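This is the structure I want to talk about, given as structure tokens.
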Amino acid sequence: MKLQDTLSNSEQELDVSKKVRIYLCGITVNDESHIGHARTIIVFDVLRKYLEEKGIEIEFIQNFTDVDDKIINRAQTENTTAETISTRYIENYFRDFDGLNVKRATDYPKATEHIGDIIKFIEKLIEKQIAYTTKNGVYFSVSKFPEYGKLSKKKIDELQSGARIEIDEAKKDPLDFAVWKFSDVEPTWDSPWGKGRPGWHIECSAMSIKYLGENFDIHGGGRDLIFPHHENEIAQSESFTGSQFAKIWIHVGMVTINGEKMSKSLGNVKSIKHVLENWGPNIIRLFCLSGHYSKPIDYSEELLKENLTKWRQAEICYYELIHANSENRKISPTIEKIGTEFDNAMEDNFNTHLALSAFFKLVKEVNRLAADEKLGKADALIIKTEFERMLEILGLTIPEMTEDEKQKIDNLIASREQLRNEKQFEEADKIRGRLNEMNIELIDHKGRTIWMKKENIKAEN
RNA sequence: GGUACUCUGGCAGAACGGUUAUGCGUGGGCCUGCAAAGCCUAUACAAGGGGGUUCGACUCCCUCGGGUACCUCCA
């Protein structure tokens with residue numbers, strides 16, 4: 001599989017000959033997760049599900065940064081502890097992402113639970129004279145890492161003339177960044193250098209190396225993390241180990257809202273909770289996968305509606321497969337090729353949009369055959385396996401119905417059929433109406449009627 | 001100001017140095033008791049602007065412009 005790598009700025013082949021180790025920069029738990037987080041995490045979710053489906057073992061680590069200034073500020077505002085804040089948003093994270101049908105990572109390490117590892121990490125940097133202590137904390141000396149800037153393609157001297165760099169006289173160089181900050185404001189931990197808390201980037205270096213080793217396969221996150229976060233992680237980690245850190249760097253494009261950037265000041269932040277309530281997990285996942293991960297994607301009602309239309313077709317496809325009863329025995333050659341097409345799209349730089357086109361090609365073909373009553377029972381079974389394989393990888397779900405519910409529906413359909421035969425159409429339509437209220441839609445084929453259960457999408461009404 | 005990414009028809013989004021992408025949408029028709037589903041058909045003279053290379057460019061090069069992100073704590 002080829003993947004677009006930020007570091008080499010080219011497509012790199014992912015080594016799948018052994019376990020693939022992935023580290024994804026998760027969220028700083030200081031607020032509700034939003035659609036931008038959803039996109040990044042869904043992209044990685046599909047990546048790992050695809051690889052796992054291929055039988056490749058995955059170790060997938062996603063961190064929670066649960067110590068940072070914003071969390072502390074929020075705690076002060078709400079007159080509570082930082083832990084209360086971070087615990088709350090971690091709970092909300094799982095509520096949202098379980099709701100989005102994201103598979104749980106192998107582990108979700110937290111910064112606050114790895115202070116010992118972080119301190120050991122810093123000790124080694126100091127030992128190597130790469131970090132130094134000032135009155136404010138311990139700083140990483142950028143000048144000791146000649147390759148600094150290699151990920152973000154920034155030149156050190158250009159950065160030094162940057163306007164937004166805060167002057168801190170205690171630092172040797174304005175670019176140096178904190179690995180440990182002295183502080184008396186809780187939470188704090190004792191360290192060989194003084195009481196305080198870790199800097200922002202160090203937890204990811206310490207935890208990724210602890211869980212995945214010094215040289216792991218993929219490190220990822222949103223594009224906005226390239227600088228300084230990932231740049232600094234590389235500097236720290238490679239200084240620490242003396243060898244290459246992550247092999248492939250994947251950065252997921254930003255989500256814009258109707259062409260504008262999503263920001264608190266514009267008041268257009270779309271929380272997952274809100275979007276999930278209105279559109280449900282399937283539509284959101286389709287939306288997040290509808291563009292290439294490296295490019296930005298624009299959130300709009302129009303696009304969501306388009307995905308809703310497609311999702312309805314997929315639902316129909318599923319129920320057509322279940323209800324197929326013709327004796328036809330001819331799988332359309334199109335369908336045979338679609339699985340390969342889907343996989344090829346994924347292999348080629350994880351082109352989920354093309355993979356989705358393949359998926360919907362299958363959907364259309366099934367629905368077309370079914371409408372003509374040409375969908376063979378035996379073929380439907382084979383196609384269903386492939387359909388469900390794709391659903392699984394894409395993380396799309398069709399809820400199961402109980403036998404009781406099915407029986408009830410079948411009975412109602414039979415009554416309607418009776419009425420239709422007697423040309424009592426008004427009464428027959430009443431039954432159809434009743435079923436519609438239960439989100440059951442009827443599809444009349446020649447000589448028989450099948451039903452489908454529609455996902456309840458609030459935004460549709 | 002700098003760096004990176006990006007700019008294809010109403011929208012989304014591919015491939016390819018020379019062929020209709022495809023999907024969604026929209027118009028018309030068929031099917032249906034009516035719908036839905038499905039089918040047929042029509043619809044866009046697409047390539048941010050301008051140069052160049054070439055027999056020929058959406059595809060390569062240059063240039064100008066727009067968008068997004070980052071330039072110290074944002075996925």
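Residue numbers begin at 1 in each chain, while the letters A, B, ... track the order of the sequences. Just so it is clear, the values below take in all heavy atoms, side chains as well, and ignore hydrogens, waters and symmetry mates. Note that the structure is predicted; figures quoted are calculated from it, not measured.
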| query | Which listed nucleotide (B:A12, B:A35, B:A75) is nearest to the side chain of A:Leu303? | reply |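 Side chain of A:Leu303 sits closest to B:A12.
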| Taking only side-chain nitrogens and oxygens of A:Lys295, does any of them come within less than 4.0 Å of OP1 or OP2 of B:G67? |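 Result: no.
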| said: Does A:Asp68 reach a base, just sugar-phosphate, or nothing at all? Heavy atoms under 4.0 Å. | reply: sugar-phosphate
| query | Heavy atoms under 4.0 Å, any strand shown: does A:Lys310 hit a base, just sugar-phosphate, or nothing? | reply | sugar-phosphate
| query | Do any side-chain nitrogens or oxygens of A:Asn307 fall under 4.0 Å of OP1 or OP2 in B:G23? | reply | no
| field | B:C55 to B:A46 separation - C1' atoms, rounded to the nearest Å | value | 24 Å
| query | Between B:U3, B:G33, B:C24, which nucleotide has the shortest distance from any of its atoms to the side chain of A:Glu306? | reply | B:C24
| message | Applying a 4.0 Å non-hydrogen cut-off, can you work out what A:Ser33 is touching in the nucleic acid: base, sugar-phosphate, or nothing? | response | nothing
| task | Verify whether one side chain among A:Asn258 and A:Ser300 offers a donor that lies under 3.5 Å from an acceptor in the other. | result | no
| query | If you draw a 6.0 Å radius around NZ in A:Lys261, do more than 12 non-hydrogen atoms from other residues or ligands fall strictly inside? | reply |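 No, not enclosed.
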| Considering only B:G33, B:A37, B:C70, which nucleotide approaches the side chain of A:Arg416 most closely? |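 The listed nucleotide nearest to A:Arg416's side chain is B:G33.
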| task | Could you pick out which residue, A:Ser290 or A:Val255, lies toward the 5' side of RNA chain B when each is mapped onto its nearest nucleotide? | result |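 The residue mapped nearer the 5' terminus is A:Ser290.
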| said: Using whole Å, what does the distance between atom C1' of nucleotide B:U6 and atom NZ of A:Lys261 come to? | reply: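 Whole-Å distance recorded here is 17 Å.
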| field | Nucleotide nearest A:His353 (side chain, heavy atoms from C-beta), chosen from B:A75, B:G13, B:C70 | value | B:G13
| request: Indicate, with a heavy-atom threshold strictly under 4.0 Å, whether A:Asp176 touches base, sugar-phosphate, or nothing. | output: base
| task | Could you work out the separation of B:A14 and B:U54 based on their P atoms and round it to a whole Å? | result |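 The answer is 31 Å between these two P atoms.
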| message | Please determine whether any donor N or O and acceptor N or O are separated by less than 3.5 Å between the side chain of A:Arg432 and the base of B:C34. | response | yes
| query | Applying the side-chain contact (heavy atoms from CB on, under 4.5 Å) test to A:Phe140, which of A:Asp176, A:Ile202, A:Ile130, A:Leu175 qualifies? | reply |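 With A:Phe140 as partner, A:Asp176, A:Ile202, A:Ile130, A:Leu175 yield a single side-chain contact (heavy atoms from CB on, under 4.5 Å), made by A:Ile130.
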| Do we see a donor-acceptor contact under 3.5 Å between the side chains of A:Ser294 and A:Gln4? | no
| query | Which of the following nucleotides, B:C73, B:C34, B:A69, is nearest to the side chain of A:Asp429? | reply | B:C34
| request: Write down the partner of B:C5 under the Watson-Crick or G-U wobble criteria, each distance required to be under 3.5 Å. | output: B:G67
| request: Let me know the distance between CG of A:Leu286 and P of B:G13, rounded to the nearest Å. | output: 14 Å
| message | At 4.0 Å (heavy atoms only), tell me whether A:Gly36 reaches a base, stays on the sugar-phosphate, or touches nothing. | response |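 Base contact.
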| Taking CG from A:Asn232 and P from B:C70, how many angstroms apart are they, rounded to a whole number? | 15 Å
| message | Please give the distance between the C1' atoms of B:U68 and B:G29 as a whole number of Å. | response | 44 Å
| Side-chain N or O of A:Lys364 closer than 4.0 Å to phosphate OP1/OP2 of B:C24 | yes
| request: Looking only at side-chain atoms of A:Met262, point me to the closest of B:A75, B:A4, B:A37. | output: B:A75
| query | Is A:Lys181 salt-bridged to A:Asp68, going by a charged N under 4.0 Å from an acidic O? | reply |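 Not counted as a salt bridge, because no side-chain N and carboxylate O are separated by less than 4.0 Å.
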| query | B:A57 pairs with which nucleotide, Watson-Crick or G-U wobble, both distances below 3.5 Å? | reply | none
| task | Would you mind classifying the nucleic acid contact of A:Gly199 as base, sugar-phosphate or nothing, using non-hydrogen atoms under 4.0 angstrom? | result | nothing
| query | If you check every side-chain atom of A:Thr309, which of B:A36, B:A75, B:C24 has the closest atom? | reply | B:C24
| Pair assignment for B:A75, Watson-Crick or G-U wobble, requiring both distances under 3.5 Å |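 The base-pairing partner of B:A75, which may sit in any strand shown, does not exist here.
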| Taking CG from A:Asn9 and P from B:C5, how many angstroms apart are they, rounded to a whole number? |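 Rounded to whole Å, this separation is 5 Å.
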| message | I'd like to know if the side chain of A:Tyr148 pairs up with that of A:Glu238 as donor and acceptor (distance under 3.5 Å, no hydrogens or angles considered). | response |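 Per modelled atom types, A:Tyr148 and A:Glu238 side chains form no pair under 3.5 Å.
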| Nucleotide opposite B:C11 in a Watson-Crick or G-U pair, distances under 3.5 Å |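 Check on B:C11: paired to B:G23, both distances under 3.5 Å.
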| task | In whole angstrom, give the distance that lies between atom CG of A:Asp173 and atom C1' of B:U72. | result |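 Interatomic distance, CG of A:Asp173 to C1' of B:U72: 13 Å.
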| Expressed in whole Å, how much space separates the P atoms belonging to B:U22 and B:C39? |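 B:U22 and B:C39 have their P atoms separated by 14 Å.
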| task | Round to the nearest Å and state the distance from A:Ile297 atom CD1 to B:U6 atom C1'. | result | 14 Å
| task | Could you please name the option among B:A69, B:C11, B:C24 that lies closest to any side-chain atom of A:Gln313? | result |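 The answer is B:C24.
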| request: Have a look at A:Lys70 and say if it touches a base, only the backbone sugar-phosphate, or nothing, with a 4.0 Å heavy-atom cut-off. | output: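 It contacts sugar-phosphate atoms only.
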| said: Roughly how many Å apart are B:C58 and B:A47, using the C1' atom of each and rounding to a whole number? | reply: 5 Å
| request: Considering only atom C1', compute the distance from B:A36 to B:U43 and round it to an integer number of Å. | output: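 That atom pair is separated by 25 Å.
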| query | What does B:C39 pair with, Watson-Crick or G-U, if both distances are under 3.5 Å? | reply |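 For B:C39, the partner nucleotide comes out as B:G29, under the 3.5 Å rule.
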| message | At 4.0 Å (heavy atoms only), tell me whether A:Arg39 reaches a base, stays on the sugar-phosphate, or touches nothing. | response | nothing
| request: Report the distance from atom CG of A:Leu304 to atom CD of A:Glu306, rounding to the nearest 0.5 Å. | output: 10.5 Å
| With no angle test and no hydrogens, is the base of B:C39 tied to the side chain of A:Asn367 by a donor-acceptor pair under 3.5 Å? |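 By the distance-only test, no, there is no pair.
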| task | For A:Met452 and B:G38, give me the distance from atom CE to atom C1', rounded to whole Å. | result | 14 Å
| said: I'd like the P distance from B:U26 over to B:C62, given in whole Å. | reply: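 Rounded to whole Å, the distance is 43 Å.
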| task | Go through B:A4, B:G38, B:A35 for me and flag the one nearest to the A:Lys153 side chain. | result |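 Of B:A4, B:G38, B:A35, B:A4 is nearest to the side chain of A:Lys153.
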| Contact nearer the 5' end of RNA chain B, comparing A:His292 with A:His445 | A:His292
| How far, in whole Å, is B:A42 from B:U8 if one measures between their C1' atoms? |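 To the nearest whole Å, 23 Å.
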| request: Taking only the side-chain heavy atoms of A:Ile27 (C-beta and beyond), determine which of B:A75, B:C73, B:A14 contains the nearest atom. | output: B:A75
| Taking atom types as they are modelled, is there a donor-acceptor pair under 3.5 Å from the base of B:G33 to the side chain of A:Arg420? |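 By the distance-only test, yes, there is a pair.
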| Can you tell me if the side-chain N/O atoms of A:Gln62 get under 4.0 Å from OP1 or OP2 in B:A75? | no
| query | So what does A:Lys454 touch, heavy atoms closer than 4.0 Å: a base, only the sugar-phosphate, or nothing? | reply | nothing
| request: State which residue, out of A:Leu394, A:Asp45, A:Asn307, A:Thr352, fulfils the side-chain contact (heavy atoms from CB on, under 4.5 Å) condition with A:Arg285. | output: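 Testing A:Arg285 for a side-chain contact (heavy atoms from CB on, under 4.5 Å) against A:Leu394, A:Asp45, A:Asn307, A:Thr352 leaves exactly one candidate, A:Asp45.
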| query | Do A:Glu32 and A:Ser271 have a side chain donor and acceptor closer than 3.5 Å? | reply | no
| said: In whole Å, I'd like the distance from the CG atom of A:Asn258 to the C1' atom of B:A12. | reply: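 Between C1' of B:A12 and CG of A:Asn258: 15 Å.
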